[in-house]
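First up is the structure itself, then whatever we jot down about it.
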Amino acid sequence: MAELSNKDRMKIQRHPMPEQEPEERIKNFKEVNLGYDLQTAIEEAQRCIQCKNKPCVEGCPVRIDIPAFIKQIELGNFEEAARILKRDNALPAVCGRVCPQEEQCEAVCTVGKKNEPVAIGYLERWAADWERMNIGIQIPELKPKTGKKVAIVGGGPAGLSCAGDLIQMGHDVVVFEALHEIGGVLMYGIPEFRLPKEIVKKEVDGLRAMGVEFRTNQVIGMTDTVDELLKEFDAVFLGVGAGLPYFLNIPGEHLNGVYSANEFLTRVNLMKAYDFPNNDTPMFDVMGKDVAVFGGGNTAMDAVRTAKRLGARKAMIIYRRTEKEMPARVEEIKHAKEEGVEFFLLHSPIEFYGDDEGWLKGVKLQEMELGEPDASGRRRPVPIEGAIKDFPIQVAVVAIGNGSNPIISNTTPDLKVNKWGNILVDEKTMRTNKKGVFAGGDIVTGGATVILAMGAGRTAAKSIDDYLKNPDVWLEEKHNNEQ
Amino acid sequence: MNKIVEARFLGPDVKLFRIEAPKIAEKRKAGQFVIIRVHEKGERIPLTIADSNIEDGTITIIVQGIGKTTKMLNTFEAGDSIQDLVGPLGKPSEIEYFGTAVSIGGGVGTAIAYPTAKALKEAGNHVISIIGGRSKEYVILEDEMKAVADEVYPCTDDGSYGFHGFVTQKLQELIDEGRKLDFVLAIGPIPMMEAVAKVTKPYGIKTVVSLNPIMVDGTGMCGGCRALVDNKVVFVCVDGPEFDAHKVDFNVLNKRNRMYLSKEKQSLEEFLHKCKLEEKIKEAANG
């Protein structure tokens, strides 16, 4: 086959992601996106013009060599494509599914300036899936053992990406996880229909095969403290996530039927309450009920689409701003709408009300309008005086983000945190003020995305490697954000 | 997996387990709890640590079979293993010298009160233990309490043993006798804890209760265990489990604990049905 010219490449239209039909998928928890077939993947790969400046690599928080892996797909060297991905990303099948590529690599794609950007995320997913399903997850080359040991606290995206890099650098790595499964938000938070748990388990197995040791049921701070870990390990990475759900702080939030998104999703995803009583964990019967999810982020979309699949009569998003201000991915909002989720925008909850037995009966909603832009640049919603209405619901899910879990900071008094409890780090190195202790992910930034946490994990791995080679390096730098 | 090294019944469907968990044994303080999962499809439930032994690396939990998980756990014997065990979780009891401290345990609540009674004694308090039960066989840990308390008063609802009446009546009797009580710890069913709080409030006796709401992760992540204390939302798993009894909204606690009642019943019935079938199969096999 003759080499395609850039002109030919630019003529190829972006290939849409094949999906389960909405009327079908709302009846199951199977993945919505079905993935490209081989031919489609090669044709999509042909759309990449291999531009010299590779803005997509800069746009990627973990700096995957995107043109290189796409070229290998085009050439039919799928194993090599997967190998290139895994040089920079411990969890490519996960990231190909949950990264907001439209804001990162694809947002800056050169092809995208004139045409639709190359479907980098779909190709990443395809290459990782191809490897897993055809030859099994291959183990990259590991450097000789250094004899150094690193403890990773938290088995979520930040910790797993940090572990993946450190084990390749030749260090011994032990991951400590509080729950009974590894994966953090990938297991308890993101639903099966967006990220099958089997894929998370396989990618974790890949890390295990590389030599990473996993210890579940370990709440660091309680089972062992950070100081105790420092006696056994040469360095510690804290990637414990945000992990303390915000509530609305309105009356009636204690009523039965009001959940945090964390609890609602954990019951369904991690504890498999949708399969009660085969699994012991129960949850409120959503079948035939009216469910309102408060919030406009990806977690809110995950919760509302879960409610739909559990048979909710009405599954609704209630958000105090407009769709434009929603932090959720465009694809998530689109999927939710296709599935019949109703959106009540510019509505803010002011009180939950219930019956004498303590069951939720409804929510009082205040209608809002957009006012002046606030500090985040988004127009601030302001209440319309007198526009308050009763809105009957039986289940409410509060998905307005997470604060920082205090267990580590309470038990590590010399570790510096800010007033919100986020661990303070030097952003270039992810070093904390405590020697040998690094941190990254949501516990540093507050609630963000899987890939940003993974990026932080990688940055930390690099600087942990530097530190293990020369522990005195610690004393040389000051912390940028100590103030 | 954590191995059970000892399992024995203390009362009707009340069973004591000593489980290998060296790290937790070393770390735990009175008032803290563990979360366990009994099998691969099991739910996560919190259980207070009754005792620990650093030398042999074990912790003791005492379980009353109420729902599926606890009834299933109570079929476990020494040599069996617990699927998942995590802890210690929650804040330890605040132990100090109060003077005269009363430890009240209702039913299996005595198992939770025991480690704190022991710690109160070690802090120099004169410890009075009131142990309540429906009838004699439900009065547990009397010997253990005798070893750590200065006075022990078993009480039974039906009068089959010790003081005839509720633990609150015994408490009131002590107050009426003019005993100066400086601290009360009450652990048991919600109505019992609420009743104790009502007795002590007019006298201004500092009273602490240990709450046992529905939990999932036990680390603050889900917020399912939230309760109202002093009209503010608390997460029992990280802010508790012990709180000032005079500030706890028992009404909300009670209602929240009933959230899954019908599901719990369904789960238990299916489990008991399955057990019966298995028994029948066994009987048939044995001829």
> If you tally heavy-atom pairs under 4.5 Å against chain A, which of B/L89, B/T69, B/V238, B/V233 wins?
Replying inline: B/L89
> Based on non-hydrogen pairs under 4.5 Å, which of A/N262, A/N256, A/N278 is most in contact with chain B?
Replying inline: A/N256
> Considering residues, nucleotides and ligands other than B/E270, do more than 12 of their heavy atoms fall under 6.0 Å from its CD?
Replying inline: yes
>> If the contact rule is any heavy atom under 4.5 Å from chain A, which residues of residues 243-262 of chain B qualify, in numerical order?
In response: B/V252, B/K255, B/R256, B/R258, B/M259, B/Y260
>> Taking side chain as everything from C-beta outward and backbone as N, CA, C, O, which of these in B/F271 sits under 4.5 Å from a heavy atom of chain A? Side chain, backbone, both or neither.
In response: neither
> If you look at every heavy atom in B/G223 and A/P245, which pair is closest and at what distance?
Replying inline: N-CG, 4.1 Å
> Which of these passes side chain to side chain contact (heavy atoms under 4.5 Å, CB included) with A/D280: B/H39, B/R44, B/E264?
Replying inline: B/H39
>> Please report the interatomic distance NZ(B/K41) to OG1(A/T281), rounded to the nearest 0.5 Å.
In response: 12.0 Å
>> Quick one, B/Q32 and A/M222 - any side-chain contact, counting heavy atoms below 4.5 Å?
In response: yes
>> If you count heavy-atom pairs within less than 4.5 Å of chain A, which of B/G224, B/G67, B/G220 leads?
In response: B/G220
> Shortest non-hydrogen contact from B/C222 to A/S260?
Replying inline: O-OG, 2.6 Å
> In terms of heavy-atom proximity below 4.5 Å to chain B, should A/L270 be classed as side chain, backbone, both, or neither?
Replying inline: neither
> According to the salt bridge (charged side-chain N to carboxylate O under 4.0 Å, His left out) rule, which pairs have a member within residues 266-278 of chain A, sequence neighbours left out?
Replying inline: A/E263-A/R267
> Does any heavy atom of chain B fall under 4.5 Å from the side chain of A/I407, the backbone, both, or neither of them?
Replying inline: side chain
> Hey, which of B/K27, B/M72, B/E40, B/Q83 has the most heavy atom pairs under 4.5 Å with chain A?
Replying inline: B/K27
>> Does any part of the side chain of A/V258, heavy atoms only, come nearer than 4.5 Å to the side chain of B/R226, both counted from C-beta?
In response: yes
> If you measure from CD1 on B/I35 to CG on A/L179, what distance do you get to the nearest 0.5 Å?
Replying inline: 9.5 Å
> For A/M287, does the CE atom sit with more than 12 other heavy atoms under 6.0 Å from it, leaving out its own atoms?
Replying inline: no
>> Taking salt bridge (Lys or Arg N to Asp or Glu O under 4.0 Å) as the definition, give me every residue that meets it alongside A/D285, ordered by chain and number, with sequence neighbours left out.
In response: B/K263
> In terms of heavy-atom proximity below 4.5 Å to chain B, should A/N410 be classed as side chain, backbone, both, or neither?
Replying inline: neither
> So, for A/M271 and B/G42, which heavy atoms are closest and what is the spacing to 0.1 Å?
Replying inline: CE-O, 3.4 Å
> So which bits of residues 207-217 of chain B come within less than 4.5 Å of chain A, counting non-hydrogen atoms only?
Replying inline: B/I214, B/V216, B/D217
> In terms of heavy-atom proximity below 4.5 Å to chain B, should A/F264 be classed as side chain, backbone, both, or neither?
Replying inline: neither
>> Taking side chain as everything from C-beta outward and backbone as N, CA, C, O, which of these in B/T219 sits under 4.5 Å from a heavy atom of chain A? Side chain, backbone, both or neither.
In response: both
> Are B/M221 and A/N402 close enough that some pair of their side-chain heavy atoms sits under 4.5 Å apart?
Replying inline: no
> Crowded around B/N231 CG? As in, over 12 foreign heavy atoms under 6.0 Å?
Replying inline: no
>> For A/E228, is there an ion pair with B/K23 - N to carboxylate O distance below 4.0 angstrom?
In response: no
>> Taking side chain as everything from C-beta outward and backbone as N, CA, C, O, which of these in A/T223 sits under 4.5 Å from a heavy atom of chain B? Side chain, backbone, both or neither.
In response: both
